[in-house]
Amino acid sequence: MSNIIHITDLDSPELDLYTRYSEVQLLHYYEPDGGIFIAESPKVISRALDMGCCPISLLTEPKHITTQLADIIPRCADIPIYTAPYDILTKLTGYALTRGALCAMHRPKPADVFELCRTAHRIAVLENVVNPTNVGAIIRSAAALDMDAVLLTPGCSDPLYRRAARVSMGTVFQIPWTYLPSSPVFKNMPLHYTQLLKELGFTTAAMALCDHSLSITDPILSNADKLSIILGTEGDGLAPETIHFCDHTVMIPMSHNVDSLNVAAASAVAFFEINH
């Protein structure tokens, strides 16, 4: 394979995407056009390819070329495949490359909020969830538990950040998701994003610890034709105005004086209950 390049110079500019650019810099790499993301592990790379993401280059140990990447490389045309022994790759990337490969890829075009919501009946909305591990775990639960889509406020961590995509097991490429506009407008009227969801036909349910909260098992939720479950960031939870504008506040009944679950765990419980 003539496109396999054995790494001898750790300062090679061809490797900047993996070593010297932050994920925020990669996000804006081609600004104003789409940027780049790094997919980690053969499973994540494969699911990104299934979605139609275009690969730029691969970085891996030589042994994985004919094993873990044997079915992936033929799908990547003639992109450069950079290889080096494990100890060099660890120095190069700054962390242990334990999952076989990294792949630099062009970011897919963002989905349109209105088109995504047109056919969806169950959506998850993440408000300022800044931990990429939580974002990835929530998206994995959404994909596994019959949610139709995930919407994120602009303050959320990027689902295509390496850790988020890895934790999601590549489901960020299997369930539709997109960002809500920072200042949504509907029929020339500025709205809070929960009001926009209502205009699009959704019942809005905020996950919040309030005295008047419904149980997540309440049939009002499972019987709703179009329902959005809104989850907030760790610690602060949802903004007061978000709770104010929602149709319902919802809680998961707790025992042993536990007040709440991690947002990722709570999302899995909520998604299961409203769909079963």
Please test Glu127 against Thr233 for side-chain hydrogen bond (donor to acceptor under 3.5 Å, both in side chains), starting from the C-alpha separation and ending with a verdict. CA-CA 6 Å; Glu127 180 180 281; Thr233 191; over 6 Å; no
Heavy-atom count around [X] [atom1] within 6.0 Å, excluding the residue itself: above 12?
X      : atom1 : value
Asp78  : CG    : no
Lys226 : NZ    : yes
Phe186 : CZ    : yes

Would you say that [X] contacts [Y] through its side chain, given a criterion of any heavy-atom pair below 4.5 Å between the two side chains?
X      : Y      : answer
Glu61  : Thr83  : no
Gln174 : Asp50  : no
Ser267 : Leu231 : yes
Val129 : Ser157 : no
Phe202 : Cys117 : yes
Leu152 : Thr178 : no
Met207 : Thr249 : no

Closest non-hydrogen atom pair, [X] against [Y]:
X      : Y      : result
Thr67  : Lys63  : OG1-O, 2.8 Å
Ser168 : Ala165 : OG-O, 2.8 Å
Val150 : Ala142 : CG2-CB, 3.8 Å
Phe245 : Thr194 : CB-OG1, 3.1 Å
Leu238 : Ala206 : CD1-CB, 3.5 Å
Pro181 : Val113 : CD-CG2, 4.2 Å

Judged by atom type as modelled, is there a donor-acceptor pair below 3.5 Å linking the side chain of [X] to the main-chain atoms of [Y]?
X      : Y      : answer
Asp225 : His121 : no
Trp177 : Val172 : yes
Ser46  : Lys43  : no
Thr19  : Leu15  : yes
Thr204 : Asp247 : yes
Asp148 : Ile123 : no
Gln25  : Ser22  : yes

Full working for side-chain contact (heavy atoms from CB on, under 4.5 Å) between Cys156 and Leu126: CA-CA 7 Å; Cys156 284; Leu126 310 188; 3.8 Å; yes
Can you tell me how far [atom2] of [Y] sits from [atom1] of [X], rounded to the nearest 0.5 angstrom?
X      : Y      : atom1 : atom2 : answer
Met254 : Leu209 : CE    : CG    : 8.0 Å
Glu40  : Arg166 : CD    : CZ    : 5.0 Å
Ile5   : Ile81  : CD1   : CD1   : 9.0 Å
Lys198 : Leu200 : NZ    : CG    : 12.5 Å
Thr66  : Gln68  : OG1   : CD    : 10.5 Å
His192 : Leu180 : NE2   : CG    : 10.0 Å

Is it true that the side chains of [X] and [Y] contain a donor and an acceptor less than 3.5 Å apart?
X      : Y      : value
Thr153 : Asn128 : yes
Tyr193 : Ser182 : no
Glu234 : Asn262 : yes

Near-ring test [Y]/[X], centroid separation under 6.0 angstrom:
X      : Y     : answer
His106 : Tyr30 : yes
Phe173 : Phe37 : yes
Tyr29  : Tyr21 : yes

Test Arg122 against Asp146 for salt bridge (charged side-chain N to carboxylate O under 4.0 Å, His left out), laying out the working first. CA-CA 8 Å; Arg122 293 287 184 271; Asp146 295 325; over 6 Å; no
What about [X] and [Y], same hydrophobic cluster or not, with Ile/Leu/Val/Met/Phe/Trp/Tyr joined at side-chain heavy-atom distances under 4.5 Å?
X      : Y      : value
Met105 : Tyr161 : no
Leu27  : Val135 : no
Met251 : Val269 : no
Ile38  : Leu59  : yes
Val44  : Ile79  : yes

Identified side-chain contact (heavy atoms from CB on, under 4.5 Å) partner of His248 from the options Asp218, Leu214, Ile243: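 The single option meeting the side-chain contact (heavy atoms from CB on, under 4.5 Å) with His248 is Leu214.
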Salt-bridge test for Arg107 and Asp158: reply yes if a basic N is under 4.0 Å from a carboxylate O, no otherwise.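 Answer for the salt bridge query: yes.
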Relative to the ring of Phe272, is the ring of His276 parallel (under 30°), tilted (30 to 60°) or perpendicular (over 60°)? parallel
